[in-house]
Trainee: 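Input: one structure, supplied below.
Since we're looking at a predicted model, the values are computed, not measured. Each chain gets a letter, A, B and so on, in the order its sequence line appears, and its residues count up from 1.
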Amino acid sequence: MSAPDASSPAPSPSVRVRFAPSPTGFLHVGGARTALFNWLFARHHGGKFFLRIEDTDRSRSTDAAIEAILDGLTWLGLDWDAWEKSPGPGPVRQTERLALYQFKARQLLDEGKAYRCYCPAEELDARRKAALARGEVPKYDGRCRAVAEADESRPFALRFKTPQEGETVVDDLVKGRIVFENRQLDDLIILRSDQSPTYNFCVVVDDVDMAITHVIRGDDHLNNTPRQIQLYRALDFPLPRFGHLSMILGSDKARLSKRHGATSVQTYRDMGYLPEALVNYLVRLGWSHGDQEVFTREELIAKFSLDNLTASAAVFSLEKLQWLNATYLKTVEPKSIAPLVQDLLAKRGAGDAASPGRIEEVFLAHRERSKTLVDIADAVMMYVPGQRVIDAEAEKKFLTAPALPALGRVHTLLRDAPFTKDAHEHLFATLMTETGQKMATLAQPLRVALTGRSVSPGIYDVLRLLGKDEALARIESAIRLIEGGSTAHAPS
RNA sequence: GGUCCCAUCGUCUAGUGGCCUAGGACGCUGGCCUCUCACGCCGGAAACACGGGUUCGAAACCCGUUGGGACCA
């Protein structure tokens with residue numbers, strides 16, 4: 001593999017890759033990463049990135065899942081190209097191509113590269129179990145290879161004549177050279193007795209038909225590769241390059257699954273993560289470029305190379321994703337944030353709680369202390385009139401009798417002075433001279449009175465975001481609360 | 001069970017035989033800044049799974065062991 005340097009990616013328009021998910025659920029982060037690597041590889045080389053829906057297993061495939069996958073990819077910004085032979089603009093769907101698989105299977109039969117197998121499924125199953133019970137490898141014995149005359153009246157499957165001598169070598173782009181003994185492989189079924197094609201066969205027929213040059217997929221397919229290579233040979237088509245990506249694991253080093261927490265891309269969207277942060281996180285799981293951690297999309301396209309992929313599996317770390325999201329939050333264009341936060345607010349029935357401009361204001365005050373957009377949405381709600389909720393701990397510590405005089409003074413000064421930052425700074429200076437108290441002792445009770453929490457942006461920012469009327473109302477209610485004793489919990 | 005893959009701080013990784021008393025990042029942690037929190041800045045603890053080779057020299061190459069994972073059922 002040539003490794004073009006980042007400044008001048010050598011265009012190789014011949015690069016054609018695909019992402020081929022089974023539509024059985026939401027877009028999994030592992031699948032998203034596979035798609036991402038394919039996409040980056042194609043974009044780096046100026047090649048094509050196709051999407052193919054492997055929906056031949058009709059019992060498990062749903063249209064909703066297809067929608068979810070397209071939606072997830074779109075959200076991540078992974079656009080796919082239209083395949084030249086495709087009838088419509090959408091992704092390629094295997095169920096629309098059954099005739100081709102059947103035709104190709106028949107062709108292999110006619111060429112003597114496949115044969116009819118009359119063994120009933122139940123019998124094969126029984127033989128498999130028996131072999132297992134004897135401690136043997138369950139492998140089809142190839143008995144129907146010997147059946148001479150065709151009998152189309154009986155139900156039969158089509159089996160591929162797998163070579164039994166020699167070895168098949170996979171020259172993998174990430175794992176290196178892997179050798180499989182051919183005698184380990186049995187004759188796989190390519191077409192079931194009900195005429196439905198099998199997984200490995202469809203993949204090869206499609207990859208051939210779509211002229212895929214690089215098969216980049218999860219290493220859970222590594223063991224399928226030698227038989228697929230043999231199918232390529234049988235179909236008389238040159239091999240693509242293969243690259244098998246390591247898996248993403250959960251914290252216990254088992255393959256990442258639901259029990260580890262969120263696995264679907266859309267869940268991360270709901271949790272308030274930015275797509276660029278998720279992309280950046282996923283790309284660094286199994287790929288690196290020296291010591292660099294943060295990449296723009298353009299940098300990724302420029303710098304991506306299969307050479308820097310890791311062969312070992314990686315554990316998913318929510319902490320690092322959070323950090324990346326926080327760093328993106330610090331630099332994103334504030335205007336782009338408002339609609340995303342609005343969506344999150346709408347999901348909790350508060351879609352009209354704040355205008356875009358308002359969200360932007362709150363965002364600017366909170367971006368450096370937030371990890372996700374959910375944090376921002378919470379912050380927006382905190383300033384909505386009547387929405388203050390006083391934290392019990394903070395109340396006990398700061399809304400106490402000794403704070404009363406200062407709170408009263410602040411209320412008076414605030415009420416009578418202009419509502420500007422300069423005036424507020426002056427107000428606190430006055431207060432410090434008057435009382436001899438420090439800013440820290442003055443600000444905390446006020447902070448709790450205004451926000452209900454002992455943690456917030458700077459006090460001047462909070463005042464500005466609240467506005468004069470709401471600020472005064474909250475101080476009044478805090479004063480009443482203190483005067484009424486700890487039993488009275490008046491709402492703001 | 002068979003086949004295959006993998007193995008550097010807790011985690012993601014740099015490392016392509018001498019630049020390694022092993023670098024960066026997250027997390028953890030001490031300090032500074034400070035109206036709180038955070039941000040930022042400065043510092044700290046923390047890893048080459050084990051055993052044999054190969055070599056003047058091995059984190060790196062080979063073999064084995066152990067451990068983890070995937071696939072086949």
Side-chain angles (χ1 to χ4, degrees), chain A residues 30 124-125 127-129 131-140 168 170 172 174-186 188 199-200 218-227 244-256 280-294 307-327 329-331 365-371 375 379 394 397-398 424-425 428-429 431-432 437-448 450-451 453-463:
Chain A
L124 290 170
D125 213 45
R127 272 190 247 153
R128 201 180 297 126
K129 287 201 175 103
L132 237 30
R134 289 193 302 272
E136 291 169 13
V137 183
K139 186 183 156 187
Y140 180 66
T168 299
V170 180
D172 196 85
V174 353
K175 307 271 191 192
R177 181 185 154 92
I178 304 159
V179 180
F180 293 86
E181 300 278 340
N182 285 343
R183 69 184 137 79
Q184 299 291 344
L185 310 171
D186 55 3
L188 90 149
Y199 172 78
N200 280 302
D219 72 6
D220 45 340
H221 290 107
L222 193 49
N223 284 306
N224 285 330
T225 308
R227 33 189 21 147
H244 287 93
L245 272 11
S246 51
M247 302 271 89
I248 298 180
L249 311 177
S251 49
D252 60 355
K253 307 241 176 181
R255 187 176 177 163
L256 189 67
N280 198 145
Y281 178 69
L282 289 176
V283 82
R284 282 286 290 103
L285 223 47
W287 179 82
S288 62
H289 188 266
D291 285 340
Q292 189 171 351
E293 296 286 350
V294 182
D307 299 338
N308 300 315
L309 288 170
T310 319
S312 56
V315 173
F316 191 92
S317 159
L318 191 63
E319 285 75 24
K320 190 146 185 182
L321 207 210
Q322 270 175 354
W323 169 77
L324 265 170
N325 205 58
T327 76
L329 245 25
K330 279 173 210 143
T331 55
H366 282 264
R367 67 189 330 185
E368 287 189 348
R369 37 177 66 72
S370 299
K371 295 214 182 291
D375 295 341
K397 194 165 174 197
F398 296 108
H424 295 156
E425 281 174 349
F428 273 95
L431 214 52
M432 282 190 276
Q437 288 182 316
K438 291 194 168 150
M439 187 67 185
T441 45
L442 252 22
Q444 274 312 82
L446 181 60
R447 185 187 315 284
V448 177
L450 293 175
T451 68
R453 308 176 193 180
S454 56
V455 165
S456 82
I459 212 75
Y460 305 121
D461 286 331
V462 171
L463 283 171

Trainee: Can you name the residues that form a salt bridge (Lys or Arg N to Asp or Glu O under 4.0 Å) with A/Asp375, not counting sequence neighbours?
Mentor: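 Here no residue qualifies.
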Trainee: State which residues pass ring-ring contact (aromatic ring centres under 6.0 Å, His included) with A/Phe316; sequence neighbours excluded, sorted by chain then number.
Mentor: A/Tyr268, A/Tyr281
Trainee: Scan A/Phe180 against the nucleic acid and name what it touches under 4.0 Å (heavy atoms): base, sugar-phosphate only, or nothing.
Mentor: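 Contact class for A/Phe180: sugar-phosphate only.
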Trainee: What is the distance from CG of A/Asn224 to C1' of B/U3, rounded to the nearest Å?
Mentor: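 After rounding, the reported distance stands at 12 Å.
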Trainee: Roughly how many Å is it from CG in A/Asn308 to P in B/A14, rounded to a whole number?
Mentor: 8 Å
Trainee: Please pick, from B/G69, B/U13, B/C35, the nucleotide with the shortest atom-to-atom distance to any side-chain atom of A/Leu249.
Mentor: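 The answer is B/G69, which lies nearest to the side chain.
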Trainee: In whole Å, what is the span from the CG atom of A/Leu185 to the P atom of B/C4?
Mentor: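 Answer to the nearest Å: 10 Å.
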Trainee: Does any donor atom in the side chain of A/His244 or A/Thr225 lie under 3.5 Å from an acceptor atom in the other side chain?
Mentor: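 Side-chain D/A pair, A/His244 to A/Thr225: present.
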Trainee: Not counting sequence neighbours, which residues clear salt bridge (Lys or Arg N to Asp or Glu O under 4.0 Å) with A/Arg447? List them please.
Mentor: none
Trainee: Regarding A/Ser456, tell me which of base, sugar-phosphate or nothing describes its non-hydrogen contacts under 4.0 Å with the strands shown.
Mentor: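 The answer is base, as A/Ser456 lies within the cut-off (heavy atoms under 4.0 Å) of a base atom.
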Trainee: How close or far is atom P of B/A14 from atom CG of A/Asp291, stated in whole angstroms?
Mentor: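 My rounded result for the distance is 10 Å.
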Trainee: Between B/U66 and B/A73, how many Å separate the two P atoms, rounded to a whole number?
Mentor: 28 Å
Trainee: Separation of A/Met439 atom CE from B/C33 atom C1', in whole Å?
Mentor: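 About 16 Å, once rounded to whole Å.
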Trainee: Roughly how far apart, to the nearest Å, are B/U21 and B/U16 at atom P?
Mentor: 14 Å
Trainee: Kindly write out the residues that satisfy salt bridge (Lys or Arg N to Asp or Glu O under 4.0 Å) with A/Arg453, not counting sequence neighbours, or none if the list is empty.
Mentor: none
Trainee: How far does the P atom of B/C5 sit from the matching atom of B/U65, given to the nearest Å?
Mentor: 14 Å
Trainee: Quote, to the nearest angstrom, the P distance that separates B/C61 from B/G15.
Mentor: 13 Å
Trainee: Name the one of A/Ile178, A/Val179, A/Thr168, A/Asn182 that satisfies side chain to side chain contact (heavy atoms under 4.5 Å, CB included) with A/Pro226?
Mentor: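 Output: one option passes, namely A/Thr168.
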Trainee: Would you call A/Lys175-A/Asp219 a salt bridge at under 4.0 Å N-O?
Mentor: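 Judged by the 4.0 Å cut-off on N to carboxylate O distance, A/Lys175 and A/Asp219 do form a salt bridge.
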Trainee: How far, in whole Å, is B/U34 from B/C26 if one measures between their C1' atoms?
Mentor: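 Those two atoms are separated by 25 Å.
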Trainee: Measure CD1/A/Ile248 against C1'/B/A70 and give the value in whole Å, please.
Mentor: 15 Å
Trainee: In whole angstrom, what separates A/His244's NE2 from B/C4's C1'?
Mentor: 11 Å
Trainee: Does A/Leu188 reach the side chain of A/Tyr140, with side-chain heavy atoms less than 4.5 Å apart?
Mentor: no
Trainee: Does A/Arg255 have any salt bridge (Lys or Arg N to Asp or Glu O under 4.0 Å) partners at least two apart in sequence or in another chain, and if so, which?
Mentor: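 Listed in chain order: A/Asp220.
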Trainee: Name the nucleic acid region contacted by A/Arg453, choosing base, sugar-phosphate or nothing; use a 4.0 angstrom heavy-atom cut-off, strictly under.
Mentor: nothing
Trainee: For A/Lys253, which residues count as a side-chain contact (heavy atoms from CB on, under 4.5 Å) partner, sequence neighbours excluded?
Mentor: A/Leu249, A/Val315
Trainee: Can you give me the closest heavy-atom contact between A/Ser370 and A/His366, atom names plus distance?
Mentor: OG-O, 2.8 Å
Trainee: Tell me, which pairs form a salt bridge (charged side-chain N to carboxylate O under 4.0 Å, His left out) where one or both residues lie in residues 308-319 of chain A, sequence neighbours left out?
Mentor: none
Trainee: Pick the nucleotide of RNA chain B nearest each of A/Tyr460 and A/His221; which residue has the one closer to the 5' end?
Mentor: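 With A/Tyr460 and A/His221 compared, the 5'-side residue is A/Tyr460.
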Trainee: OP1 or OP2 of B/U11 versus the side-chain N and O atoms of A/Lys253: is any pair under 4.0 Å?
Mentor: yes
Trainee: Please figure out whether A/Arg227 or A/Glu293 has its closest RNA chain B nucleotide nearer the 5' end.
Mentor: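 Counting from the 5' end, the first nearest nucleotide belongs to A/Glu293.
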Trainee: Among residues 280-287 of chain A, which residues get a heavy atom nearer than 4.0 Å to RNA chain B?
Mentor: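 Within this stretch, A/Arg284, A/Leu285, A/Gly286 sit under 4.0 Å of the strand.
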Trainee: What integer distance in Å separates A/Ile178:CD1 from B/C71:C1'?
Mentor: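 Going from CD1 in A/Ile178 over to C1' in B/C71 covers 13 Å.
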Trainee: If B/U16 has a Watson-Crick or G-U wobble mate with both distances under 3.5 Å, name it; if not, just say none.
Mentor: none
Trainee: Looking at B/U36, which nucleotide sits across from it as a Watson-Crick or G-U wobble partner, both distances under 3.5 angstrom, or is there none?
Mentor: none
Trainee: Heavy atoms under 4.0 Å is the rule here; annotate nucleotides 39-48 of chain B 5' to 3' with B where the base is hit, S where only the sugar-phosphate is, and - elsewhere.
Mentor: SS--------
Trainee: Give me the distance, rounded to whole Å, that separates B/A14 from B/A59 when you measure between the C1' atoms they each carry.
Mentor: 12 Å
Trainee: For B/C72, which nucleotide is its Watson-Crick or G-U wobble mate, given both distances must be under 3.5 Å?
Mentor: B/G1
Trainee: In the strands shown, is B/U66 matched to any nucleotide by a Watson-Crick or G-U wobble pair with both distances under 3.5 Å, and which?
Mentor: B/A7
Trainee: Which one is paired to B/C61, where only Watson-Crick or G-U wobble pairs with both distances under 3.5 angstrom count?
Mentor: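 When the pairing criteria are applied, B/G53 turns out to be the nucleotide that pairs with B/C61.
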Trainee: Would one find a side-chain N or O of A/Ser288 under 4.0 angstrom from OP1 or OP2 of B/A14?
Mentor: yes
Trainee: Mind checking the P distance from B/C63 to B/A7? Whole angstroms is fine.
Mentor: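 Going atom to atom, P in each nucleotide, I get 14 Å.
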Trainee: Using a cut-off of 4.0 Å on non-hydrogen atoms, how would the nucleic acid contact of A/Leu222 be classed: base, sugar-phosphate, or nothing?
Mentor: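 Answer is sugar-phosphate: A/Leu222 comes under 4.0 Å of backbone atoms only.
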Trainee: With sequence neighbours excluded, tell me which residues meet side-chain hydrogen bond (donor to acceptor under 3.5 Å, both in side chains) with A/Lys320.
Mentor: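 Checked A/Lys320 against side-chain hydrogen bond (donor to acceptor under 3.5 Å, both in side chains); matches are A/Glu293.
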Trainee: At a heavy-atom distance below 4.0 Å, what parts of residues 314-322 of chain A sit against RNA chain B?
Mentor: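 Those residues whose heavy atoms fall under 4.0 Å from RNA chain B, taken from residues 314-322 of chain A in numerical order, are A/Ala314, A/Val315, A/Ser317, A/Glu319, A/Lys320.
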Trainee: Is there a Watson-Crick or G-U wobble partner for B/C28 with both distances under 3.5 Å, and which nucleotide is it?
Mentor: B/G44
Trainee: Of all residues at least two apart in sequence or in a different chain, which pass the side-chain contact (heavy atoms from CB on, under 4.5 Å) check with A/Glu181?
Mentor: A/Glu167, A/Arg183, A/Gln184
Trainee: What interatomic distance, in whole Å, is found between C1' of B/A38 and the corresponding atom of B/C19?
Mentor: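 One C1' to the other, the span is 40 Å.
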